[in-house]
Chemist: 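Got a structure here, written out as structure tokens. Questions coming.
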Protein chains: 2
Amino acid sequence: MSYEKALTALADPTRRAVFERLRAGPQPVGELARHLPISRPAVSQHLKVLKDAGLVTDRAEGTRRIYHIDPHGLGALRRWLDQFWETALDAFVAEAERTADKP
Amino acid sequence: MSYEKALTALADPTRRAVFERLRAGPQPVGELARHLPISRPAVSQHLKVLKDAGLVTDRAEGTRRIYHIDPHGLGALRRWLDQFWETALDAFVAEAERTADKP
DNA sequence: CTTTTTCGTAAGACATAGCTTACGGTAAGC
DNA sequence: GCTTACCGTAAGCTATGTCTTACGAAAAAG
């Protein structure tokens, strides 16, 4: 049910940049914003969307909030995609047979 | 490189509805529009985006255009996701060990 | 206790995505 | 040849997402 939020969250290029940057490891908001061409509040808003989609989680560390990747959302997206992938392949095979000259 | 287009394409709910409807098999544009709460030109526009993302393909059949799923785009998206999935799991494990009390 | 750092949220401006109506083009049917 | 069915594209309107600046809160530092 959450794969929809994950899709809309990862659709935005800036949000993907934030997400892929967290791949290198947990990071605070300011650190993320420093390497992006947008303001820090904008990064916060993006993180909120990613968190809502189950793609990231955060923990407090002093005055800073450390964000890291949450496999939860990715898993949901992957399951949906895999389930789709099978029927897509079947359809592809059927189409190939249809196009091919009759044996 | 094409996983980005696939993501933005599948982010729209209506476009997902079109895409999931093609799961039942190849269908012409009018048939798709008949079961959706939007106009036929709108469906055409969505199909254009899906086609551009490598998610669907079309063939002519008389005056009608039959659209069917193209595994190409799904494959690209799946590869990107899988590659992401591994590092996400590693990070998750690392986070779990970090949170756990020192043994 | 005061100051500084770090962050989230609110309000508003701006751009873009998605829808509709209108139009033209191609193939089939008569 | 003429009409009908089916479709893609263009133009325009509207809604929504994304950005910035401004503000307030919480923890550390001094």
Side-chain angles (χ1 to χ4, degrees), chain A residues 2-22 24-70 73 77, chain B residues 2-22 24-70 73 77:
Chain A
S2 177
Y3 71 91
E4 312 171 354
K5 285 187 179 180
L7 278 173
T8 58
L10 292 176
D12 183 71
T14 306
R15 220 139 41 201
R16 275 200 304 270
V18 171
F19 192 55
E20 303 210 355
R21 211 149 217 306
L22 285 177
Q27 291 180 36
V29 181
E31 180 66 20
L32 288 168
R34 191 170 308 123
H35 300 278
L36 291 173
I38 58 177
S39 70
R40 185 196 50 76
V43 176
S44 271
Q45 292 166 1
H46 282 305
L47 285 170
K48 182 179 185 179
V49 176
L50 289 171
K51 184 178 177 182
D52 224 56
L55 290 167
V56 303
T57 319
D58 60 334
R59 66 179 136 98
E61 192 159 293
T63 76
R64 295 188 294 184
R65 300 224 119 220
I66 313 295
Y67 279 83
H68 56 91
I69 290 185
D70 180 10
L77 187 53
Chain B
S2 176
Y3 71 90
E4 312 170 355
K5 285 188 179 179
L7 277 174
T8 58
L10 292 176
D12 183 72
T14 306
R15 219 139 44 201
R16 275 200 304 269
V18 171
F19 192 54
E20 303 210 357
R21 210 149 218 305
L22 286 177
Q27 292 180 35
V29 181
E31 179 68 19
L32 288 168
R34 191 170 307 124
H35 300 278
L36 290 174
I38 57 175
S39 69
R40 185 197 48 77
V43 176
S44 271
Q45 292 167 1
H46 282 305
L47 285 170
K48 183 177 184 178
V49 176
L50 288 171
K51 184 178 177 183
D52 225 57
L55 290 167
V56 303
T57 320
D58 60 334
R59 65 179 136 97
E61 192 159 294
T63 76
R64 296 188 292 184
R65 300 225 120 219
I66 313 293
Y67 280 83
H68 57 91
I69 291 185
D70 179 10
L77 187 53

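As the structure is a prediction and not an experimental result, all values here were calculated from the model. Numbered from 1 within each chain, the chains take letters A, B, ... in sequence-line order. FYI, side chains are in, hydrogens and waters are out, and symmetry mates aren't considered; it's all heavy atoms of this structure.
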Chemist: Under the rule for side chain to side chain donor-acceptor pair (under 3.5 Å), what residues qualify as partners of B:K51, not counting sequence neighbours?
Modeler: B:D58

Chemist: Whole angstroms only, please: what is the CZ-C1' distance between B:R34 and D:dC6?
Modeler: 11 Å

Chemist: Sequence neighbours excluded, which residues qualify as salt bridge (Lys or Arg N to Asp or Glu O under 4.0 Å) partners of A:R40?
Modeler: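 Salt bridge (Lys or Arg N to Asp or Glu O under 4.0 Å) check on A:R40 returns nothing, list empty.
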
Chemist: State the NE2-CZ distance between B:H35 and B:R21, to the nearest 0.5 angstrom.
Modeler: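 The NE2 atom of B:H35 sits 4.5 Å away from the CZ atom of B:R21.
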
Chemist: Enter the distance from B:I38:CD1 to B:L32:CG here, rounded to the nearest 0.5 Å.
Modeler: 9.5 Å

Chemist: Write down the distance between CZ (B:R59) and P (D:dC7), rounded to a whole number of angstrom.
Modeler: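 Rounding to the nearest Å, CZ of B:R59 and P of D:dC7 are 13 Å apart.
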
Chemist: When you compare the side chain of B:L77 with that of B:L10, does any pair of heavy atoms fall below 4.5 Å?
Modeler: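 B:L10 reaches B:L77 side chain to side chain.
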
Chemist: According to salt bridge (Lys or Arg N to Asp or Glu O under 4.0 Å), who are the partners of B:E20, at least two apart in sequence or on a separate chain?
Modeler: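 Checked B:E20 against salt bridge (Lys or Arg N to Asp or Glu O under 4.0 Å); zero matches.
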
Chemist: Starting at CG of A:L50 and ending at C1' of C:dG8, how long is that distance when rounded to a whole Å?
Modeler: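 Going from A:L50 (CG) to C:dG8 (C1'), I get 15 Å.
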
Chemist: Shorter than 3.5 Å, N or O on both sides, protein versus nucleotides 20-25 of chain C: list them out with atom names.
Modeler:
{"residue": "C:dT20", "atom": "OP2", "partner": "B:S39", "partner atom": "N", "Å": "2.7"}
{"residue": "C:dT20", "atom": "OP2", "partner": "B:S39", "partner atom": "OG", "Å": "2.7"}
{"residue": "C:dT20", "atom": "O4", "partner": "B:Q45", "partner atom": "NE2", "Å": "3.1"}

Chemist: Examine D:dC6: is either OP1 or OP2 under 4.0 Å from a nitrogen or oxygen in the side chain of B:Y67? Give yes or no.
Modeler: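 False: B:Y67 side-chain N/O out of range (4.0 Å or more) of D:dC6 OP1/OP2.
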
Chemist: Specify the separation, in whole Å, of atom CZ of A:R65 and atom C1' of D:dA25.
Modeler: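 Rounding to the nearest Å, CZ of A:R65 and C1' of D:dA25 are 12 Å apart.
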
Chemist: When you measure from the side-chain N and O atoms of A:H46 to the phosphate of D:dG17, is any distance below 4.0 Å, counting only OP1 and OP2?
Modeler: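 Result: no.
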
Chemist: Output the rounded distance in Å from CD (A:E61) to C1' (D:dA27).
Modeler: 13 Å

Chemist: Got a sec, which residues hit ring-ring contact (aromatic ring centres under 6.0 Å, His included) with B:Y67, two or more places apart in sequence or on another chain?
Modeler: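 Counting only residues at least two positions away or on another chain, B:Y67 forms no ring-ring contact (aromatic ring centres under 6.0 Å, His included).
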
Chemist: Distance check, rounded to the nearest 0.5 Å: B:L7 atom CG versus A:T8 atom OG1?
Modeler: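 Spacing of CG (B:L7) from OG1 (A:T8) equals 10.5 Å.
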
Chemist: Which ones in residues 7-18 of chain B lie close to DNA chain D, meaning a heavy atom under 4.0 Å from one of its atoms?
Modeler: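 The stretch gives none, as no residue of it lies under 4.0 Å from the strand.
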
Chemist: Taking B:R59 for the side chain and B:R65 for the main chain, is one N or O donor matched with an acceptor at less than 3.5 Å?
Modeler: no

Chemist: Would you mind telling me which of D:dG8, D:dC6, D:dT9 lies closest to the side-chain atoms of B:K48?
Modeler: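 So the side chain of B:K48 is nearest to D:dT9.
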
Chemist: Just how far, in rounded Å, is C1' of C:dT9 from CG of A:L47?
Modeler: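 Computing the A:L47:CG to C:dT9:C1' distance gives 14 Å.
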
Chemist: Over how many whole Å does the gap from A:D58 atom CG to C:dC7 atom P extend?
Modeler: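 Interatomic distance, CG of A:D58 to P of C:dC7: 11 Å.
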
Chemist: Just the rounded figure in Å: distance from P of D:dT18 to CG of A:D52.
Modeler: 13 Å

